[in-house]
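Basis for what follows: all heavy atoms, side chains included, without hydrogens, waters or symmetry-related copies. For this chain, numbers begin at 1 and follow the sequence in order. Both ligands and their constituent atoms are indexed starting at 1 by order of listing.
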Amino acid sequence: MSINLTEKDIQTIIESVMKNVESAIGPAPPGHSEGNTNSVIPIKLKEITEKDSVSTACSTSKQQNRTPSPKVNASTNSNPVFNTGMETFGVFEKIELAIEAGYMAQLDYVKRFELKDRERIIQAIREGVMTEAKELARLVYEETGIGSYQDKIAKHELAALKTPGTEDLSTAAFSGDNGLTIVEQAPFGLIGAVTPVTNPTETIVNNVISMLAAGNSVVFNVHPSSKQSCARVITIINKAIQGAGGPANLVTMVKNPTLETMQKLIDSSMVKLLVGTGGPGLVKTLLKSGKKAIGAGAGNPPVIVDDTADIEHAAKSIIEGASFDNNLLCIAEKEVFVLDSAADDLIFHLLNNGAYMLDRHQLNEVMNFALVENKEQVAAGCSDDPKRKYHISKKWIGKDATQFLTELKAKPKGNVKLLICEVDADHPFVQLEQMMPILPIVRVRDLDEAIQQAVRAEHGNKHTAMMHSKNIDHLTKFARAIETTIFVKNASSLAGVGFGGEGHTTMTIAGPTGEGITSAKTFTRQRRCVLADGGFRIIG
Ligand code: NAD
């Protein structure tokens, strides 16, 4: 059910909220609003028209009956929307309202909710997403039309279960003759986050758990092609939060995201940190903002196979990583450099494990329909090499191998997961971040050539690389040369994000800005608290 709010309704809500917020958390710090230092809640009434509506729905989450911690009382929750029953579950018509609601929610969250409350809220989010993982996968698959439904279920489960919570936070202490100093990990406040179409809802789940664990709230400007599924996951998350006694609107988004709404997010003084997961254009835009930005950009991960590797295992791993979600993942194997002495063996095992070799004619055909000539010489989804002549046709990104085969009128026997082709190192399928289930294979003379070509194809993104080898010196040589955030040895790329490998997961690999595999601590400010003059020391 949805209702339209008039300006009068909104005014009533705001007045009630102002009373509640002042009584619950005291006045907001000076200068927190844009040009409005008198009002606790900087909502600009003149911008709210009758067209602005909020959805209402009963919070039916089974987690509703959880017992809030003593400090938290859901019935006196100071969040505007929660209090009045006008529940948006975080999805707002206007970016200004999404920002303001998220900002207010964080003040409440950090003031009244303890670490154990955060953990209870995160647990509820994990459960909510796990319950809806199949439905979310279906929605994303249907809305975006890319990737694989089954693999999207796995991605949701991975984000829900393997993103660390508050256990990721730690306090450092220095004790000496002069007393005790502690350094704590404090929240930034409201975070503005931008998400990609390739992992839309999964990135939200992963970002939300990390950001909320650190005490932040977050407002999303999602990729427009995924806005309905993202609205669904934001609703699920907010229901889970409220069901666990948490504040409404800790996680918000604008219903119809555009570059203009993103600019408003960037410009808002209420947004203290920007986090972008996407291509190079997005990362550049955020880095130009003048505020702290964490950028997770494009990759084009190479994989090297040398002649000491277990070739059959290498082939199976490569198929697993490169075909997962039709190669949409930024970490996925995008091109192979194989020593000539091992190439035939590798191709044999690839073909035995679900790959289909494109012949010259078929390769040309695929290039004709899946590549578009890059007239403006501008990057689209990968690095900014002005010499590039093509970009990938959006129509073919993330499509099934079988769809390519149908277009080619090829009828292979068995289930084909991945198309492979033999090309030289300059081929556009090697140099472009293609995000299609097509894996180019380049034969090289020796390890040095493999490393040189792999580093070149990675374009300095310093994102992810894989190698299959039993020679430690070879592995070390490549890892040192390519300097990627993730380096996977003798396994599929998926192991690099905790899928079949140790370590926690992330959907936001912040290579360009250096944070790497993001988690709760990434979204914190270090704050030092000093007790001097030998105070608090038990050593005399
Ligand atoms: P994209 O760059 O087209 O879009 C990402 C987000 O940025 C979207 O919300 C989009 O609306 C916005 N955007 C796009 N161009 C922009 C610009 N010039 N200024 C401001 N905002 C802009 O990327 P995509 O197609 O959604 O996702 C695929 C890309 O994301 C690939 O390059 C992939 O490698 C990368 N990616 C990286 C990571 C990582 O963790 N490093 C994770 C997932 C995806």
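The heavy atom nearest to atom 11 (O) of ligand 1, out of those in Ser225, Pro224, Pro200, Gly281, is found in Pro224. Here atom 37 (C) of ligand 1 lies nearest to Gly297 when heavy atoms of Pro196, Gly297, Ala510 are compared. Closest heavy-atom approach to atom 21 (N) of ligand 1 among the candidates Lys334, Glu433, Met262, Lys288: Met262. When Cys330, Cys230, Pro280, Gly511 are checked for heavy-atom proximity to atom 38 (C) of ligand 1, Cys330 turns out nearest.
Counting the atoms of ligand 1 from 1 in the order shown, those under 4.0 Å from a heavy atom of Val222 are 9 (O). Close approach of ligand 1 to Asn199 (heavy-atom distance below 4.0 Å) involves ligand atoms 43 (C). Those atoms of ligand 1 with a heavy atom of Thr508 less than 4.0 angstrom away are 40 (O). In the vicinity of His223, heavy-atom distances shorter than 4.0 Å reach the ligand 1 atoms 4 (O), 8 (C), 9 (O), 10 (C), 26 (O). Residue Thr198 has at least one heavy-atom neighbour below 4.0 Å for each of these atoms of ligand 1: 27 (O), 28 (C), 44 (C). Listed by number with element, the atoms of ligand 1 under 4.0 Å from a non-hydrogen atom of Ala298 are 32 (O), 34 (O). Residue Val194 has at least one heavy-atom neighbour below 4.0 Å for each of these atoms of ligand 1: 6 (C), 7 (O), 9 (O). Heavy-atom proximity to Gly279, at under 4.0 Å, picks out these atoms of ligand 1: 1 (P), 2 (O), 23 (O), 29 (C), 30 (O), 32 (O).
Electrostatic pairing of Lys334 and Glu433 does not count as a salt bridge here, judged by no charged N lying under 4.0 Å from a carboxylate O. We find that Arg138 and Glu142 are joined by a salt bridge, their nearest charged nitrogen and carboxylate oxygen being less than 4.0 Å apart. Salt-bridge formation is not detected for the pair Lys389/Glu373: no Lys NZ or Arg NE/NH1/NH2 atom is positioned less than 4.0 Å from an Asp or Glu carboxylate oxygen. Salt-bridge formation is detected for the pair Glu132/Arg232: a Lys NZ or Arg NE/NH1/NH2 atom is positioned less than 4.0 Å from an Asp or Glu carboxylate oxygen. A salt bridge links Glu515 to Lys292: at least one charged side-chain nitrogen sits closer than 4.0 Å to a carboxylate oxygen. No salt bridge links Lys291 with Asp267; every basic N to acidic carboxylate O contact stays at or beyond 4.0 Å.
Here's the thing with Val197: one of its N/O atoms is less than 3.5 angstrom from an N/O atom of ligand 1.
Heavy atoms of other residues, nucleotides or ligands lying less than 6.0 angstrom from NZ of Lys134 number 12 at most.
Residue-level proximity to ligand 1 for Leu329 is absent, since no heavy atom of it falls below 4.0 angstrom.
Below 30°, between 30° and 60°, or above 60°: for Phe324 and Phe499 the angle between ring planes is between 30° and 60°, a tilted geometry. Note on ring orientation: taking the six-membered ring where Trp is involved, the planes of His313 and His468 are perpendicular (angle over 60°, cut-offs 30° and 60°).
Residue His463 places a heavy atom less than 4.0 Å from ligand 1.
Here the straight-line distance linking atom CG of Asp151 with atom CG of Leu158 works out to 11.5 Å at 0.5 Å rounding.
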